[in-house]
Protein chains: 2
Amino acid sequence: MIKQDRDIILKPTVNDIARVAGVSLATVDRVLNGRPGVRGVTIERVNKAIQQLGYVRDTAAANLARGRVYRFHFLLPESNNEFISLLEEQISHLSEVMALDRTRLSFEKVPAFDPQAMARIISEIDPEDVNGIAIFSPETPSVRDAVDQIKKRGVSVVALVSDLPSSKRDHFVGIDNVAAGRTAGQLMGHFLSKEKGKILVVTGSMLARDHLERRLGFDQVMTESFPGITVLPSLEGRDDPDLLERLLPDAFATEPDITGIYSSAAGNLGLIKFLRKGGLDQKMVVVGHELTPLSRDALEQGTFDAIISQDTGHLIRSTVRILRAKTDNLPINISQERIRIDVYLKENMPLLGG
Amino acid sequence: MIKQDRDIILKPTVNDIARVAGVSLATVDRVLNGRPGVRGVTIERVNKAIQQLGYVRDTAAANLARGRVYRFHFLLPESNNEFISLLEEQISHLSEVMALDRTRLSFEKVPAFDPQAMARIISEIDPEDVNGIAIFSPETPSVRDAVDQIKKRGVSVVALVSDLPSSKRDHFVGIDNVAAGRTAGQLMGHFLSKEKGKILVVTGSMLARDHLERRLGFDQVMTESFPGITVLPSLEGRDDPDLLERLLPDAFATEPDITGIYSSAAGNLGLIKFLRKGGLDQKMVVVGHELTPLSRDALEQGTFDAIISQDTGHLIRSTVRILRAKTDNLPINISQERIRIDVYLKENMPLLGG
DNA sequence: TTGTAGGCGTTATCAA
DNA sequence: TTGATAACGCCTACAA
């Protein structure tokens with residue numbers, strides 16, 4: 001076999017730098033952490049040694065020594081939505097796991113569809129208490145301003161699930177929603193057996209950037225590749241199952257030749273209830289978003305045909321890694337942080353809790 | 001906002017245990033690491049303190065102190081296969097990343113389709129050099145025995161991509177290949193516009209458990225849900241593009257009404273070359289495995305319609321986490337280690353390197 | 001069978 | 001502007 005180097009190549013430590021640069025540990029540390037009180041010449045010398053030896057700091061040891069605690073806070077919309085619940089679970093779970101890692105996570109629900117509330121809550125955050133926040137919110141001017149303000153006060157900001165591109169957020173953690181909509185469209189087109197028909201689109205809120213983008217992508221593909229299919233205007237469910245259950249019968253009464261339904265939001269309860277009640281002339285092709293207990297069951301039963309999803313565990317872990325990197329001014333590994341657009345059929349659904 | 005506990009709840013340390021149990025640090029450490037030389041009574045006392053305080057060891061500090069180096073070795077089949085290349089890249093990449101983490105990774109290519117060679121190489125591994133190995137190999141009695149032997153000598157073993165269930169391997173890291181085949185079948189069935197026709201199945205080797213299982217799952221779904229479709233016997237490409245390019249024209253000459261191709265192995269080059277040459281009467285529906293530069297391009301161009309994949313980065317990271325946990329006798333977080341069956345259409349293909 | 005003391009790589013306090 | 005020195009939580013010679 002190809003032998004591994006038995007003579008362990010030990011990485012240089014601060015001690016080595018100190019020796020080579022001819023200074024003390026404390027000075028090396030000051031240079032390393034950009035603290036004041038070192039002459040320019042000395043800084044030069046230390047940096048040269050660092051370069052020369054190819055020094056890389058041992059984060060574990062550093063964290064051990066400084067006993068630092070990272071505090072990250074998640075702001076989530078207050079809606080009875082399974083996807084949000086999954087995010088909450090993942091936050092709680094990761095919080096336990098990372099307690100040993102001196103990382104504390106917390107979350108808070110913010111009235112949904114109320115940008116003012118979100119902006120207010122962001123502005124009330126105390127930079128003493130929190131190193132970074134993750135925001136799942138529609139993009140509005142007030143939210144944008146609140147983000148820029150809190151950033152100025154030294155808090156790192158990640159936009160979660162729905163991007164806030166006009167703000168100074170450090171990073172967006174979520175999927176490309178146009179591509180997700182396109183994927184849904186492609187599946188829908190292929191799964192429909194007829195070349196004609198109408199598609200009903202059920203969405204959460206027209207305000208939300210993620211839903212808009214999904215709709216856009218969906219329409220693109222239907223127009224390009226399935227011109228015989230008509231996509232109807234979106235039905236706005238506002239994450240309210242009862243509202244949706246009332247709206248749906250009307251929609252089908254008005255448009256009798258609907259053959260497929262695209263549910264672009266995570267609130268699937270109303271839709272599933274409606275479909276289970278029966279009463280429709282034909283089997284609908286249904287494509288939904290987010291793998292949750294409910295949608296998983298719908299897929300299992302054949303009520304849904306496909307689900308586009310994003311891994312909530314990955315979303316939360318990625319957010320935390322990025323917030324840590326940002327607070328420490330460290331680079332992030334983009335490729336690890338890219339969230340995939342998952343496609344699930346009944347066949348490849350992961351086990352619950354997987 | 002919901003205030004986080006400002007008074008940091010510090011976790012108990014070995015010192016606290018020592019104090020509570022009325023013993024020294026060294027004794028606590030001995031108990032913690034199951035080292036000999038402690039009276040039963042004392043062990044009891046220490047364990048009670050550990051329970052009582054809810055102590056959890058700080059692995060980072062422990063590793064720092066012992067300066068331990070983990071050495072893991074990967075055994076991969078020696079075949080000109082993009083999927084294997086991706087695995088190699090991920091190993092090299094992770095090896096760099098984890099150097100700081102005192103973890104050294106290496107890999108070695110083993111003659112493909114030669115179980116004896118694999119068994120020999122496994123048996124030659126020196127437990128002094130390596131803490132754990134990951135094996136990507138067909139399951140044969142000799143490999144099984146070699147695995148059991150090396151396990152006895154204290155080396156942790158992970159079966160990678162293709163399981164070795166009859167052996168004493170510690171864990172299998174890979175997808176459920178029956179489910180993967182079923183997923184391929186479901187997509188194929190839906191993507192075919194006609195209800196009749198024949199499907200050509202191209203595989204790597206009939207020896208490989210993963211391919212067999214995929215074929216099994218594929219057949220299940222076709223029989224259950226698309227009874228009008230005939231699935232032809234597998235064409236064995238042995239990861240040899242030239243061989244496949246020669247075999248394919250014959251197959252089409254013999255069976256003129258083929259409408260779809262299922263490529264259940266990772267070696268797609270021969271198939272793609274053949275399809276690009278044209279000469280077929282109609283557009284084939286093609287479902288392949290593993291997202292690689294080649295298959296990605298085929299998807300982009302419309303030569304392939306869907307790809308079933310497994311994330312190579314996840315495979316390698318998961319393997320390493322598991323080998324570490326096994327060498328340290330630590331529990332593993334099953335849910336994080338479950339490898340997803342990814343479905344990619346042109347629309348949701350991640351960027352290269354993502 | 002048990003304890004003492006020193007060290008892993010980094011940070012932080014205090015004195016020089 | 002710099003440097004000793006002690007800590008962080010854990011492990012391990014060596015001594016008792």
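In what follows, chains are A, B, ... by sequence order, proteins preceding strands, each numbered from 1.
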Between side-chain atoms of residues 49-62 of chain B and protein atoms elsewhere (two or more places apart, or another chain), which donor-acceptor pairs fall under 3.5 Å?
unit_1	atom_1	unit_2	atom_2	d
R57(B)	NH2	N33(B)	OD1	2.4
D58(B)	OD1	A60(B)	N	3.0
D58(B)	OD1	A61(B)	N	3.1
D58(B)	OD2	R102(A)	NH2	2.8

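- When heavy atoms are screened at a 4.0 angstrom cut-off, R102(A) is found touching no nucleic acid atom at all.
- Residues passing the side chain to side chain donor-acceptor pair (under 3.5 Å) test with R317(A): none are found, sequence neighbours excluded.
- Every side chain to side chain donor-acceptor pair (under 3.5 Å) that K151(B) has, sequence neighbours left out, goes to D170(B).
- For T103(B), the side chain to side chain donor-acceptor pair (under 3.5 Å) test picks out R324(B), with sequence neighbours left out.
- Atom CZ of R35(A) is separated from atom P of dT1(D) by 15 Å (rounded to the nearest Å).
- Not counting sequence neighbours, R39(A) has no partner by the salt bridge (Lys or Arg N to Asp or Glu O under 4.0 Å) test.
- A side-chain N or O of S335(B) and one of N333(B) form a donor-acceptor pair less than 3.5 Å apart.
- Here dT11(C) presents its P atom at 10 Å from CD1 of I17(A), a figure rounded to the nearest Å.
- Closest non-hydrogen pair, E337(A) versus S318(A), comes out as OE1-OG, 2.7 Å.
- Applying the side-chain hydrogen bond (donor to acceptor under 3.5 Å, both in side chains) definition to pairs two or more places apart or across chains, those involving residues 87-96 of chain B are E88(B)-K109(B).
- Remark: C1' of dC8(C) and CG of D16(A) are 13 Å apart, rounded to the nearest angstrom.
- Taking atom CG of L64(B) as the reference point, atom P of dT10(C) lies 9 Å away to the nearest angstrom.
- Rounding to whole angstrom units, CG of residue L32(B) and P of dT12(D) are separated by 11 Å.
- As judged by a 4.0 angstrom heavy-atom cut-off over every strand, N33(A) is placed among residues touching the sugar-phosphate backbone only.
- Judged as a salt bridge (charged side-chain N to carboxylate O under 4.0 Å, His left out), the pairs with a partner in residues 13-28 of chain B (not counting sequence neighbours) are, in order, D16(B)-R19(B).
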Reading nucleotides 2-7 of chain C 5' to 3', which nucleotides get B (base under 4.0 Å from a protein heavy atom), which S (sugar-phosphate only), which -? BBB--B
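- Proximity of residues 52-59 of chain B to DNA chain C (heavy atom under 4.0 angstrom from any strand atom) is not detected for any residue.
- In this view, D163(B) and R169(B) satisfy the side chain to side chain donor-acceptor pair (under 3.5 Å) rule, not counting sequence neighbours.
- Taking the side chain to side chain contact (heavy atoms under 4.5 Å, CB included) definition, one finds that L75(B) meets it with H73(B), E108(B), V110(B), M118(B), I121(B), I122(B), I125(B), I135(B), sequence neighbours left out.
- Rounding to whole angstrom units, CG of residue N63(A) and C1' of dT10(C) are separated by 10 Å.
- Across the protein-nucleic acid pair, D29(A) atom CG and dA4(D) atom C1' stand 14 Å apart, rounded to whole Å.
- The C1' atoms of five pairs define one axis at each end of the helix from dT1(C)-dA16(D) to dA16(C)-dT1(D), and these two axes lie 40° apart (to 10°).
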